[in-house]
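The structure appears right after this line, and notes come after that.
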2 protein chains.
Amino acid sequence: MRYSNATNYALHTVVHLMLQPDGSSVGVQELAEMQQLSPTYLSKVLTKLRKAGLIESTPGAKGGYKISRTKHEISFLDVIHAIEGDTSLFDCTIHHEGCMIENTMRQAEENMKAELASKLLVDIAKEAESKQKEES
Amino acid sequence: MRYSNATNYALHTVVHLMLQPDGSSVGVQELAEMQQLSPTYLSKVLTKLRKAGLIESTPGAKGGYKISRTKHEISFLDVIHAIEGDTSLFDCTIHHEGCMIENTMRQAEENMKAELASKLLVDIAKEAESKQKEES
DNA sequence: GTATTATAGATATTAAGAGTCTTTAATATC
DNA sequence: GATATTAAAGACTCTTAATATCTATAATAC
Ligand code: SF4
Ligand code: SF4
(Lines give C-alpha, C1' and ligand atoms only; values in the text may rest on other atoms or scores of the structure.)
(Ligands and ions follow the chains in the order given, each with its own letter.)
Protein backbone atom coordinates (compact mmCIF):
# COMPACT_ATOMS: atom_id res chain seq x y z
CA MET A 1 0.00 0.00 0.00
CA ARG A 2 2.28 2.73 -1.18
CA TYR A 3 2.80 5.00 -4.11
CA SER A 4 4.97 3.50 -6.84
CA ASN A 5 8.55 4.51 -7.41
CA ALA A 6 7.40 5.89 -10.73
CA THR A 7 5.46 8.58 -8.90
CA ASN A 8 8.55 9.55 -6.99
CA TYR A 9 10.58 9.78 -10.20
CA ALA A 10 7.86 11.82 -11.81
CA LEU A 11 7.71 14.33 -8.98
CA HIS A 12 11.46 14.85 -9.04
CA THR A 13 11.56 15.19 -12.78
CA VAL A 14 8.81 17.76 -12.87
CA VAL A 15 10.52 19.86 -10.23
CA HIS A 16 13.81 19.55 -12.08
CA LEU A 17 12.26 20.66 -15.34
CA MET A 18 10.69 23.63 -13.61
CA LEU A 19 14.15 24.78 -12.61
CA GLN A 20 15.41 24.92 -16.19
CA PRO A 21 15.70 28.22 -18.08
CA ASP A 22 12.56 28.99 -20.07
CA GLY A 23 12.25 27.05 -23.30
CA SER A 24 15.24 24.79 -22.85
CA SER A 25 14.84 21.04 -23.18
CA VAL A 26 16.52 18.32 -21.17
CA GLY A 27 17.12 14.82 -22.53
CA VAL A 28 15.98 11.69 -20.75
CA GLN A 29 19.62 10.67 -20.53
CA GLU A 30 20.44 13.54 -18.21
CA LEU A 31 17.23 13.18 -16.22
CA ALA A 32 17.92 9.51 -15.67
CA GLU A 33 21.50 10.05 -14.57
CA MET A 34 20.34 12.61 -12.06
CA GLN A 35 18.12 10.00 -10.39
CA GLN A 36 20.39 7.07 -11.09
CA LEU A 37 17.93 4.97 -13.03
CA SER A 38 17.68 3.58 -16.52
CA PRO A 39 16.74 6.00 -19.30
CA THR A 40 14.32 3.61 -20.96
CA TYR A 41 12.34 3.12 -17.81
CA LEU A 42 12.21 6.79 -16.99
CA SER A 43 11.15 7.35 -20.56
CA LYS A 44 7.95 5.43 -19.92
CA VAL A 45 7.22 7.53 -16.89
CA LEU A 46 7.82 10.72 -18.84
CA THR A 47 5.50 9.61 -21.60
CA LYS A 48 2.72 9.35 -19.03
CA LEU A 49 3.46 12.87 -17.89
CA ARG A 50 3.35 14.09 -21.46
CA LYS A 51 0.05 12.38 -22.16
CA ALA A 52 -1.34 14.09 -19.08
CA GLY A 53 -0.15 17.42 -20.47
CA LEU A 54 2.24 18.15 -17.63
CA ILE A 55 5.37 18.19 -19.77
CA GLU A 56 6.15 18.54 -23.47
CA SER A 57 8.58 16.59 -25.57
CA THR A 58 10.37 17.06 -28.85
CA PRO A 59 12.12 14.15 -30.54
CA GLY A 60 15.26 14.40 -32.58
CA ALA A 61 18.57 16.14 -32.07
CA LYS A 62 18.51 18.91 -29.46
CA GLY A 63 15.18 17.52 -28.40
CA GLY A 64 14.10 16.39 -24.95
CA TYR A 65 11.57 17.36 -22.36
CA LYS A 66 10.41 20.67 -20.98
CA ILE A 67 7.77 21.70 -18.53
CA SER A 68 4.34 22.45 -19.90
CA ARG A 69 2.91 25.95 -20.30
CA THR A 70 0.65 25.17 -17.36
CA LYS A 71 3.74 25.10 -15.15
CA HIS A 72 2.25 27.33 -12.48
CA GLU A 73 -0.85 25.19 -12.03
CA ILE A 74 0.68 21.74 -11.68
CA SER A 75 -0.16 20.16 -8.34
CA PHE A 76 1.10 17.07 -6.57
CA LEU A 77 -2.21 15.44 -7.34
CA ASP A 78 -1.81 16.10 -11.05
CA VAL A 79 1.44 14.15 -11.10
CA ILE A 80 0.10 11.33 -8.95
CA HIS A 81 -2.95 11.11 -11.13
CA ALA A 82 -0.85 10.99 -14.30
CA ILE A 83 1.22 8.09 -13.01
CA GLU A 84 -1.10 6.07 -10.80
CA GLY A 85 -4.29 6.61 -12.72
CA ASP A 86 -7.49 7.53 -10.95
CA THR A 87 -7.93 4.38 -8.95
CA SER A 88 -9.34 4.62 -5.48
CA LEU A 89 -7.49 3.50 -2.36
CA PHE A 90 -10.56 1.64 -1.19
CA ASP A 91 -12.34 -0.15 -3.95
CA CYS A 92 -15.20 -2.38 -2.89
CA THR A 93 -16.54 -4.25 -5.88
CA ILE A 94 -19.97 -4.78 -4.41
CA HIS A 95 -21.25 -1.27 -3.71
CA HIS A 96 -24.23 -1.72 -1.46
CA GLU A 97 -26.16 1.49 -1.63
CA GLY A 98 -25.45 3.99 1.12
CA CYS A 99 -22.61 1.88 2.49
CA MET A 100 -21.00 3.73 5.35
CA ILE A 101 -17.75 1.79 5.22
CA GLU A 102 -17.13 2.83 1.68
CA ASN A 103 -18.33 6.36 2.33
CA THR A 104 -15.97 6.86 5.23
CA MET A 105 -12.96 5.52 3.39
CA ARG A 106 -13.74 7.51 0.29
CA GLN A 107 -14.26 10.70 2.22
CA ALA A 108 -10.89 10.42 3.94
CA GLU A 109 -9.20 9.78 0.64
CA GLU A 110 -10.97 12.68 -1.00
CA ASN A 111 -9.67 14.99 1.69
CA MET A 112 -6.14 13.82 1.15
CA LYS A 113 -6.49 14.33 -2.57
CA ALA A 114 -7.92 17.79 -2.05
CA GLU A 115 -4.89 18.71 -0.02
CA LEU A 116 -2.52 17.30 -2.63
CA ALA A 117 -4.40 19.23 -5.29
CA SER A 118 -3.81 22.46 -3.39
CA LYS A 119 -0.04 21.97 -3.21
CA LEU A 120 1.74 23.26 -6.30
CA LEU A 121 5.03 21.84 -7.46
CA VAL A 122 6.21 25.24 -8.58
CA ASP A 123 6.41 26.17 -4.91
CA ILE A 124 8.72 23.27 -4.28
CA ALA A 125 10.85 24.38 -7.19
CA LYS A 126 11.04 27.93 -5.83
CA GLU A 127 12.09 26.63 -2.47
CA ALA A 128 14.80 24.48 -4.00
CA GLU A 129 15.99 27.48 -5.95
CA SER A 130 16.31 29.74 -2.95
CA LYS A 131 18.06 26.98 -1.05
CA GLN A 132 20.64 26.73 -3.80
CA LYS A 133 21.28 30.45 -3.61
CA GLU A 134 21.82 30.29 0.12
CA GLU A 135 24.50 27.68 -0.35
CA SER A 136 26.39 29.62 -2.98
CA MET B 1 -2.12 1.83 -5.15
CA ARG B 2 -5.02 0.62 -3.15
CA TYR B 3 -5.85 -1.03 0.13
CA SER B 4 -5.69 -4.81 0.05
CA ASN B 5 -8.77 -6.98 0.01
CA ALA B 6 -7.69 -8.20 3.42
CA THR B 7 -8.42 -4.76 4.83
CA ASN B 8 -11.89 -4.86 3.36
CA TYR B 9 -12.53 -8.30 4.86
CA ALA B 10 -11.22 -7.11 8.19
CA LEU B 11 -13.49 -4.08 8.29
CA HIS B 12 -16.56 -6.16 7.51
CA THR B 13 -15.67 -8.79 10.04
CA VAL B 14 -15.14 -6.29 12.81
CA VAL B 15 -18.48 -4.65 12.14
CA HIS B 16 -20.15 -8.04 12.02
CA LEU B 17 -18.65 -9.07 15.34
CA MET B 18 -19.80 -5.82 16.86
CA LEU B 19 -23.36 -6.74 15.98
CA GLN B 20 -23.26 -10.01 17.91
CA PRO B 21 -24.83 -10.35 21.36
CA ASP B 22 -22.36 -9.64 24.16
CA GLY B 23 -19.95 -12.49 24.85
CA SER B 24 -20.98 -14.76 22.02
CA SER B 25 -18.34 -16.11 19.66
CA VAL B 26 -18.58 -16.64 15.93
CA GLY B 27 -16.52 -19.22 14.07
CA VAL B 28 -14.36 -18.41 11.06
CA GLN B 29 -16.56 -20.75 9.04
CA GLU B 30 -19.57 -18.53 9.41
CA LEU B 31 -17.60 -15.33 8.93
CA ALA B 32 -16.08 -16.67 5.73
CA GLU B 33 -19.40 -17.80 4.31
CA MET B 34 -20.84 -14.39 4.96
CA GLN B 35 -18.19 -12.81 2.75
CA GLN B 36 -17.88 -15.72 0.37
CA LEU B 37 -14.21 -16.42 0.83
CA SER B 38 -12.10 -19.27 2.07
CA PRO B 39 -12.01 -19.84 5.86
CA THR B 40 -8.28 -20.49 5.96
CA TYR B 41 -7.47 -17.23 4.29
CA LEU B 42 -9.82 -15.21 6.45
CA SER B 43 -8.28 -16.96 9.40
CA LYS B 44 -4.96 -15.32 8.67
CA VAL B 45 -6.60 -11.93 8.48
CA LEU B 46 -8.35 -12.53 11.78
CA THR B 47 -5.12 -13.54 13.45
CA LYS B 48 -3.69 -10.15 12.54
CA LEU B 49 -6.69 -8.49 14.12
CA ARG B 50 -6.23 -10.54 17.26
CA LYS B 51 -2.55 -9.71 17.50
CA ALA B 52 -3.50 -6.05 17.25
CA GLY B 53 -5.94 -6.56 20.12
CA LEU B 54 -9.03 -5.68 18.12
CA ILE B 55 -10.70 -9.06 18.49
CA GLU B 56 -10.34 -12.05 20.78
CA SER B 57 -10.30 -15.71 19.91
CA THR B 58 -10.90 -18.96 21.72
CA PRO B 59 -9.93 -22.28 20.13
CA GLY B 60 -11.78 -25.50 20.61
CA ALA B 61 -15.40 -26.48 20.47
CA LYS B 62 -17.82 -23.58 20.81
CA GLY B 63 -14.86 -21.34 20.23
CA GLY B 64 -14.48 -18.62 17.64
CA TYR B 65 -14.00 -14.89 17.52
CA LYS B 66 -15.55 -12.01 19.41
CA ILE B 67 -14.96 -8.32 19.47
CA SER B 68 -12.44 -7.01 21.95
CA ARG B 69 -13.36 -5.18 25.17
CA THR B 70 -12.13 -2.01 23.48
CA LYS B 71 -15.06 -2.28 21.09
CA HIS B 72 -16.11 1.34 21.52
CA GLU B 73 -12.69 2.74 20.68
CA ILE B 74 -11.86 0.83 17.50
CA SER B 75 -11.35 3.15 14.57
CA PHE B 76 -10.98 2.57 10.84
CA LEU B 77 -7.32 3.39 11.20
CA ASP B 78 -6.86 0.72 13.85
CA VAL B 79 -8.08 -1.94 11.46
CA ILE B 80 -6.08 -0.63 8.52
CA HIS B 81 -3.01 -0.46 10.67
CA ALA B 82 -3.50 -4.01 11.91
CA ILE B 83 -3.71 -5.36 8.37
CA GLU B 84 -1.49 -3.14 6.29
CA GLY B 85 1.16 -2.40 8.87
CA ASP B 86 2.41 1.10 9.44
CA THR B 87 3.99 1.68 6.07
CA SER B 88 3.80 5.08 4.53
CA LEU B 89 2.13 5.82 1.23
CA PHE B 90 5.12 7.83 0.11
CA ASP B 91 8.38 6.26 1.09
CA CYS B 92 11.47 7.92 -0.32
CA THR B 93 14.50 5.90 0.63
CA ILE B 94 16.92 8.81 0.39
CA HIS B 95 15.56 11.32 2.89
CA HIS B 96 17.33 14.56 2.10
CA GLU B 97 16.94 16.77 5.10
CA GLY B 98 14.05 19.19 4.99
CA CYS B 99 12.75 17.72 1.75
CA MET B 100 9.56 19.50 0.80
CA ILE B 101 8.34 16.77 -1.53
CA GLU B 102 8.37 14.22 1.23
CA ASN B 103 6.97 16.68 3.75
CA THR B 104 4.01 17.54 1.56
CA MET B 105 3.16 13.93 0.81
CA ARG B 106 3.53 12.88 4.40
CA GLN B 107 1.40 15.74 5.65
CA ALA B 108 -1.45 14.86 3.33
CA GLU B 109 -1.29 11.24 4.39
CA GLU B 110 -1.21 12.17 8.06
CA ASN B 111 -4.38 14.17 7.64
CA MET B 112 -6.12 11.25 6.02
CA LYS B 113 -5.00 8.97 8.81
CA ALA B 114 -6.17 11.44 11.42
CA GLU B 115 -9.59 11.42 9.85
CA LEU B 116 -9.69 7.63 9.72
CA ALA B 117 -8.61 7.53 13.35
CA SER B 118 -11.56 9.70 14.29
CA LYS B 119 -14.11 7.41 12.65
CA LEU B 120 -15.22 4.61 14.93
CA LEU B 121 -16.47 1.33 13.58
CA VAL B 122 -19.01 1.04 16.34
CA ASP B 123 -20.87 3.90 14.69
CA ILE B 124 -21.04 1.93 11.45
CA ALA B 125 -22.37 -1.01 13.42
CA LYS B 126 -25.05 1.13 15.05
CA GLU B 127 -26.11 2.48 11.70
CA ALA B 128 -26.35 -1.03 10.25
CA GLU B 129 -28.41 -2.04 13.25
CA SER B 130 -30.94 0.73 12.91
CA LYS B 131 -31.18 0.09 9.20
CA GLN B 132 -32.08 -3.52 9.90
CA LYS B 133 -34.80 -2.42 12.28
CA GLU B 134 -36.29 -0.10 9.69
CA GLU B 135 -36.59 -2.96 7.26
CA SER B 136 -38.26 -5.28 9.73
C1' DG C 1 -11.33 -39.53 24.43
C1' DT C 2 -13.59 -37.22 20.65
C1' DA C 3 -15.18 -33.54 18.13
C1' DT C 4 -14.41 -28.82 17.23
C1' DT C 5 -11.98 -24.77 16.28
C1' DA C 6 -8.00 -21.46 16.08
C1' DT C 7 -2.96 -21.18 14.74
C1' DA C 8 1.08 -21.77 12.18
C1' DG C 9 3.91 -23.25 8.39
C1' DA C 10 4.73 -24.55 3.86
C1' DT C 11 3.59 -23.94 -0.57
C1' DA C 12 1.27 -22.50 -4.91
C1' DT C 13 -0.93 -19.01 -7.80
C1' DT C 14 -1.76 -14.50 -9.51
C1' DA C 15 -1.12 -9.71 -10.47
C1' DA C 16 1.37 -5.63 -10.54
C1' DG C 17 5.48 -3.09 -10.45
C1' DA C 18 10.02 -2.46 -12.09
C1' DG C 19 13.21 -2.78 -15.48
C1' DT C 20 15.57 -4.12 -20.07
C1' DC C 21 16.09 -4.53 -25.03
C1' DT C 22 14.91 -3.56 -29.68
C1' DT C 23 12.63 -1.15 -33.30
C1' DT C 24 10.49 2.87 -35.21
C1' DA C 25 9.59 7.72 -35.97
C1' DA C 26 10.69 12.49 -35.71
C1' DT C 27 13.89 16.40 -35.73
C1' DA C 28 18.24 19.16 -36.20
C1' DT C 29 22.50 19.85 -38.38
C1' DC C 30 25.55 19.54 -41.95
C1' DG D 1 19.61 14.05 -48.64
C1' DA D 2 22.64 11.69 -45.17
C1' DT D 3 23.71 11.32 -40.48
C1' DA D 4 23.37 11.81 -35.72
C1' DT D 5 20.27 12.42 -31.99
C1' DT D 6 16.35 11.67 -29.32
C1' DA D 7 11.44 10.32 -27.93
C1' DA D 8 7.91 6.52 -28.35
C1' DA D 9 6.22 2.03 -28.44
C1' DG D 10 6.16 -2.92 -28.04
C1' DA D 11 7.74 -7.22 -26.44
C1' DC D 12 9.77 -9.26 -22.97
C1' DT D 13 11.96 -10.58 -18.32
C1' DC D 14 12.50 -10.22 -13.37
C1' DT D 15 10.98 -9.35 -8.79
C1' DT D 16 7.83 -8.71 -5.27
C1' DA D 17 3.55 -8.66 -2.78
C1' DA D 18 -1.05 -10.16 -2.45
C1' DT D 19 -4.02 -13.94 -2.54
C1' DA D 20 -5.09 -18.42 -1.63
C1' DT D 21 -4.80 -23.44 -0.44
C1' DC D 22 -3.36 -27.47 2.16
C1' DT D 23 -1.65 -29.78 6.08
C1' DA D 24 -0.26 -30.35 10.76
C1' DT D 25 -0.59 -28.78 15.52
C1' DA D 26 -2.56 -27.02 19.79
C1' DA D 27 -6.29 -25.76 22.70
C1' DT D 28 -11.01 -26.26 24.43
C1' DA D 29 -15.82 -28.17 25.38
C1' DC D 30 -18.45 -32.06 26.10
S1 SF4 E 1 -21.13 -2.93 2.96
FE2 SF4 E 1 -20.02 -1.39 1.72
S3 SF4 E 1 -17.90 -2.03 1.71
FE4 SF4 E 1 -19.13 -3.79 2.40
S5 SF4 E 1 -19.58 -4.97 0.56
FE6 SF4 E 1 -21.28 -3.56 0.79
S7 SF4 E 1 -20.69 -1.75 -0.40
FE8 SF4 E 1 -18.82 -2.93 -0.11
S1 SF4 F 1 14.35 15.44 -2.46
FE2 SF4 F 1 13.01 14.45 -0.93
S3 SF4 F 1 11.81 12.96 -2.05
FE4 SF4 F 1 13.56 13.56 -3.35
S5 SF4 F 1 15.15 12.05 -2.93
FE6 SF4 F 1 15.52 13.76 -1.52
S7 SF4 F 1 14.35 13.18 0.35
FE8 SF4 F 1 13.60 11.88 -1.29
Starting at the 5' end of DNA chain C, what dot-bracket string do you get if Watson-Crick and G-U pairs under 3.5 Å are bracketed, crossing pairs use [ ], other-strand pairs use | and unpaired bases use dots?
||||||||||||||||||||||||||||||

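A donor-acceptor pair shorter than 3.5 Å can be found between the side chains of A:Q107 and A:N111.
A residue-by-residue look at B:R2 and B:G63 shows that B:R2 has its nearest nucleotide of DNA chain D further toward the 5' end. In terms of position along DNA chain D, the nucleotide closest to B:E84 lies nearer the 5' end than the nucleotide closest to the other residue of the pair B:G60 and B:E84. Nucleotides of DNA chain C nearest to A:T40 and A:T7 differ in position, and the one nearer the 5' end is that of A:T7.
When side chains are defined from C-beta on, A:S25 counts as touching A:T58, because their heavy atoms get closer than 4.5 Å. Side-chain contact check for A:T13 versus A:V45: every heavy-atom pair is 4.5 Å or farther apart. When side chains are defined from C-beta on, B:M105 does not count as touching A:K119, because their heavy atoms never get closer than 4.5 Å.
Think of the region where chain A sits on DNA chain D: with heavy atoms and a 4.0 Å cut, that region ends 5' and 3' at D:dT5 to D:dA11.
The minimum heavy-atom distance between A:M18 and A:I74, with the atom names listed, is CE-CB, 4.1 Å. Closest non-hydrogen pair, A:A108 versus B:M112, comes out as O-CG, 3.6 Å.
The side chain of A:S4 contributes an N or O atom lying less than 4.0 Å from OP1 or OP2 of C:dA18. Phosphate contact (OP1/OP2 of C:dT20, side-chain N/O of A:Y41, threshold under 4.0 Å): absent.
Contacts of A:Y9 with the nucleic acid, taken as non-hydrogen atoms under 4.0 Å apart, involve only primed sugar atoms and P, OP1 or OP2. Looking at heavy-atom distances under 4.0 Å, A:S38 makes contact with sugar-phosphate atoms alone, never a base.
Here C:dT4 presents its P atom at 17 Å from OH of B:Y65, a figure rounded to the nearest Å. One interatomic measurement links the two molecules: CG of A:L37 to P of C:dC21, which rounds to 14 Å at whole-angstrom precision. A:Y3 has its OH atom 13 Å from the P atom of C:dG17, to the nearest Å.
The stretch residues 42-58 of chain A touches DNA chain C through A:K44, each having a heavy atom within less than 4.0 Å of the strand.
For B:T47 (side chain) and B:S43 (main-chain N/O), a donor-acceptor pair under 3.5 Å exists by modelled atom type.
The distance from the CD atom of B:E110 to the CG atom of B:L89 is 10.0 Å, given to the nearest 0.5 Å. We find the OG-CD distance between A:S38 and A:Q29 to be 10.0 Å, quoted to the nearest 0.5 Å.
Across A:K66, A:R50, A:R69, a single residue satisfies salt bridge (charged side-chain N to carboxylate O under 4.0 Å, His left out) together with A:E56, and that is A:R69.
For B:K71, the NZ atom is densely surrounded, since the number of other residues' heavy atoms within 6.0 Å is greater than 12.
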